[in-house]
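Some notes on the structure that comes next.
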Amino acid sequence: MHPSSSAITVEATDTNPFFAAWTGAFGVPPLDRVVPAHFVPAFDAAFAADDAEVGAIAADPAPPSFDNTIAALESSGRLLGRVSDVFHVLAGAHTNEALLKVERDIAPRRARHRDGILHNAALFARIDALYHARARLGLSAEQLRVLERYHLNFTRAGAALGAAAKARLAAINERLASLGTAFSQNVLADEQAYALSLQGEQDLVGLPDDVRAAARAAAQERGLEGHVITLSRSSVEPFLQYSARRDLREKVFRAWIARGDGGGATDNKAIIAEMVRLRAERAALLGYETFAHYRLSDAMAKTPQAVRGLLDQVWAPARERALADRDAMAALVQDEGGNFELAAHDWRYYAEKLRKRTCDVDEAAIKPYLRLDRMIEAAFYAAQRLFGLRFEPRTDVPVWHPDVLVWEVLDADGRHRGLFFGDYFARPSKRSGAWMTTLRDQEKLLGDIRPLVVNVMNFSKGGEGAPSLLSFDDARTLFHEFGHALHALLSDVTYPIISGTSVQTDFVELPSQLYEHWLERKEILQRFAVHYRTGTAMPDDLMRRLLAARTFNQGFATVEYVASALVDLELHLLSDPQSVDIAAFEEASLARIGMPREIVMRHRPPHFAHVFSGGGYASAYYSYMWSEVLDADAFAAFEEAHDVFDPATAKRLHDHIYAAGGSRDPAALYEAFRGRLPTPDALLRRRGLTEASASGPGSSEAGSREAG
Ligand SMILES: [Zn+2]
């Protein structure tokens, strides 16, 4: 059921690519021919087509069956899927004024459209009847899971409620969609509006060559002279780490943490207050105590208490470690004759000095060994060793920007598994951060459909003919997003609703964070960490120090993360937030947990996109830590096998995690892989936050794990 007849009329008068079959290589959308004006007519037609398809399913005179109801719903809405997927890629990775306008117009309409389906009483009656008869329908395990997910999704959207409650829910969702769009556009506007221009050597003092080159490339990208620091993480963080100009560090840091908090037209605080209020009202209408209770009931964690339990367990040792590091840095300031108290904009600068001193590792000495192209190859190599995948570059596939690279993914038998798109460089038209998305998901319902998987990063380009060089954190981000990509590429399910990354939020970071572990292995670094000028491999001694230093500054990293997760949780545990003063709430929450004055949350509420641009991670930012409990424990399975590419462990990982999508409950999937559920011990060890590893970076414990 693809484009409706009205769509064909549009095609006759227009060359809108959404109304034609995509006949190019691999059926990839003609991304090079899509223009903003195509989207509104395409969305119009897609909403109408979907309504017609769903209406026919709801009105089917035949009694409900899995095929005529659930499988039919899974087959519907394909035009809407195609239009939305392309729109999401462009809106995130290469946007412009016209696309931002489409986004504002479409977000509330999409919410209304979705609720129109989820609140369709005749349709829900069919799903509900099937659900209650599920034991007698002779369904496969996967079909049973799909039916249960449908029933849950409809119930959680209010399908079983009365007309008045449904109408109010729909109004709330529509408003939330608009607010989420406004939130993210405000952050983008603040990021685009800012550039710290560096004039001459006195402004560049302390910056290594690659940071200067990246600042030069950022200036050129904006048509400016000289060097520029932007508010993209990969531009700000190295500047804060190296710039000897305390005044400039303070200037850029203040701008960075004030995104969405500037008090003007792009201020997000009122938007946040309204979103929190509406989410609480929605949860109450659905019968939950708070939004967090509602949200977490369909997560692996299940309850706010379970989340707080994990975060509290990590918070105390992390805070203690961060305070000890702070004291060491304050002493360093005094040693150097600095007559000031350590401030938040000093942390990264002095942490870098402390790292050089205590771990004998200089980030600037690492970077020349981490060429972007070699790190991409490293991520591919690990996938080949673990899962037998091969990656072949393609130049015949349309892309949305000339910087985007494409590979065909083949399995060990040479069979096509999908396409992988890598969009690695920061540019003004791109949102900050890094993410994975798809232009098409794997499924077998409408044929053997192979996925089109996208990674988007914000790395700095190399300047003046030099390759792009990554920090170790950047390389980790690359492996992380590639882990998500593998979850989509290796997916082997029949139904789209459970394909690839369509799993609970606190489980979805397992395949991505687990993949980061391979970056930290000698087996990978020896082969791929090669100096960009000399071509020599990273010296063993440097690699050993780099890996031993990985627990360095983990107190800081854990504190800035857990503080964000706790504030997110507490905000959504308010049962009647009629008028939250967000600034005051943030301050009070941080005071309660004893946030060190010298550390700022990783994401302050006014630019906390995970939580407020859409609801993806609302009261669920803890998910990364929850998944880390899993990934730390999961990687230990390879260590126990004394082979980080152990074929038997890799096969279990493939079958039960990377290929399984949401085909079973996440706890059941994990147990099938590991034979048991994990405890947080491996996580605490990995972050160097246990008693045993409290002797600090470079301790024998960290060293021996590397040697082993
Ligand atoms: Zn992730």
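Atoms within each ligand, like the ligands themselves, are counted from 1 in listed order. We count residues from 1, following the sequence as given.
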message: If you consider just the N/O/S atoms, which atom of Glu509 is the closest one to the Zn ion (ligand 1)?
response: OE1
message: Report the atom name of the nearest N/O/S atom of His480 relative to the Zn ion (ligand 1).
response: NE2
Centroid-centroid distance, Phe459 to Phe425, less than 6.0 Å: no
query: Can the positive tip of Arg156 be found less than 6.0 Å from the middle of the six-membered ring of Tyr294, inside 45° of the ring normal?
result: yes
query: Looking at Phe291, is Arg279 sitting on its ring face, NZ or CZ under 6.0 Å from the six-membered ring centre and within 45 degrees of the normal?
result: yes
task: Report the residues that fulfil side-chain hydrogen bond (donor to acceptor under 3.5 Å, both in side chains) with His607, sequence neighbours left out, ordered by chain and then residue number.
output: none
task: Examine all N, O or S atoms of Glu481, backbone included, and report whether one is under 2.8 Å from the Zn ion (ligand 1).
output: no
